[in-house]
Amino acid sequence: MNLKNLFVFSSDENLKTAAPEKKPETLLKGSFISDNALLKSEFAVEKNGDVKVRNFTLNVGENTLKATVYFIDGLTDKTQINDFILKPLMIASRELKIQDVAEVWNILLIQSECSRTKNVGEICRALNYGSAITVIEGFPDAIVIDIKEWAKRGVDNPQNENVVRGPADSFTEQIRSNTGILRRLARSSDFIVEEFTVGTMSETPCAIMYMKNIVDTKLLDEVRRRVHGVDVDYISSSAELEALIEDDTYLTLPQILSTERPDRTMRAIYEGRVAIVVDGSPFLLILPTTLFDLNDSPEDYYLRYPYVCMTKLVRTLAFIISLLLSGVYVAAIRFHTELIPTSLLITIISSRANVPFPGALEVVLMEVALEIIREAGIRIPSSGGLTLSIVGALILGQAAVSASLVSPVLIIIVSLTALGSFATPNYYIGLSGRMLRFLYIALGYFGGFLGIAAGLFIHALVWSGAHSVGIPMVAPYAPKTNRGGAQIMSVPIWRREHRPDWLNTKKSRQQPRVARRWANGK
């Protein structure tokens, strides 16, 4: 089939997002007194206790010029202010005997990252992001000096995507730390980090990362169109950006993969995908993604091929159990008792003899109770997690059975559905299964196995029509393509010769046909 038809991108005319109307830019006038008054007003110096102002003088020829440094306490390194701004300008200016104020820029400022600007908006953004602003009498521009230094968390072990054999580092909340980790892993000049901001007021730093010699141009343009088309006041995490750029808000299936692992992100980028990092969030977005990517675990890349096949089958079976088992149980005891072995049917009937609730209501009550326990386990301190699990097991298990509120068989059914959702590697696809489980319980109650079959058919149709940034989420199976990335079953690493063809990458082959040359006697 024609792979170009896989893309459901906007037309070329729509790729150009209408630029919002820009407010007139405020510029410095070049007067030391008026510029300082303007900056003090913009920074609200009299009200902001953390905005510090340091006035000093420096010598230029026979003249003594006034100067001012603005910085925010808590975002800047005071040692660098003293060593690289105040000391050179106050002391070195006298020792070097500079004759022109322009030499301040060329000789005295020894910090690595400096820039000049008249734009007050840019000055405010730089100050709020940890830069020091220097205004010198007779110098036409404000000098922006990068000396940021704020409290930050170091690189730690992944919290949600642990592996036995793979790397043990994860992303942090700092965008520059995250881009640096990926740059170290990329080791290529083709690795591109496009920076931009989101939020008209917060101006949160973000970045799009990709390999320019691999990624498809149309895919990249579509990602740019979406992220640059976001118009909100404030954004603080990648989860908020994900909600703003995903294809279908009301679909339970997650359409963008989030990860905290650098190795998984870099592997996706080398495959031809795009990653998005948001300052303040330790989770990066990988797009496009497919349904089968959501069933992948980072551990799959570090296990031998037979083990990966087994674990993938177990995960698939676990998701099916978490989705359908409760509904199948309700349908069986209501409509299809003839399909249940006689001995098991007698056990079920005898265990439910004193239960006052219908089977469907009994299942719903237990499922709701399980969701309450699960939510409580997230909210309470970690030290109380063991206590909660013991209390939940005793009260909702043994006590509920002893009081004849539920049957022992139902406890087993609900426990299996809970374990199935825990075995799902992606939290959000597991959450989708937990939501849809109640729908299948209703279908089983009203329609039996026929109702569940109809629900599965509609479910497959809906998920088959889902897209991730214009890419079908059930690729490479619908539509069928020749080569795919993540699939139901894995393939040995030495057979992964091609990148997914539905990504339309510039370089389709990622390794030679014979990757194990030693096997051919070479």
Indicate yes or no: at least one non-hydrogen side-chain atom of [X] is less than 4.5 angstrom from one of [Y].
X: P167; Y: Y302; value: yes
X: S236; Y: T204; value: no
X: V227; Y: I208; value: yes
X: M211; Y: S188; value: yes
X: D233; Y: S202; value: no
X: I286; Y: V274; value: no

Is the shortest distance from a Lys or Arg side-chain nitrogen in [X] or [Y] to a carboxylate oxygen in the other one below 4.0 Å?
X: D216; Y: K218; answer: no
X: E203; Y: R125; answer: yes
X: K507; Y: D190; answer: no
X: D221; Y: R226; answer: no
X: E367; Y: R434; answer: no

Under the criterion side-chain hydrogen bond (donor to acceptor under 3.5 Å, both in side chains), I'd like the reasoning laid out for T259 against E161: C-alpha separation, chi angles, the key distance, then a yes or no.
CA-CA 8 Å; T259 181; E161 297 177 285; 2.9 Å; yes
Is the positively charged end of [X] above the ring of [Y], judged by distance under 6.0 angstrom from the centroid and angle within 45° of the axis?
X: R264; Y: Y301; result: no
X: R273; Y: Y210; result: no
X: R304; Y: Y307; result: yes

Take T311 and E299 through the test side-chain hydrogen bond (donor to acceptor under 3.5 Å, both in side chains) and record every step on the way to the result.
CA-CA 10 Å; T311 55; E299 187 74 59; over 6 Å; no
Take D300 and Y305, measure what side-chain hydrogen bond (donor to acceptor under 3.5 Å, both in side chains) needs, and give me the verdict at the end.
CA-CA 8 Å; D300 293 347; Y305 173 67; over 6 Å; no
So for atom CZ, which belongs to R516, do other residues, nucleotides or ligands contribute more than 12 heavy atoms lying within a distance under 6.0 Å?
yes
Surrounding CZ of R509 (heavy atoms of other residues, nucleotides or ligands, distance under 6.0 Å), is the total greater than 12?
yes
Verify side-chain hydrogen bond (donor to acceptor under 3.5 Å, both in side chains) between T252 and S432, making sure each step is shown before the conclusion.
CA-CA 5 Å; T252 60; S432 174; 3.0 Å; yes
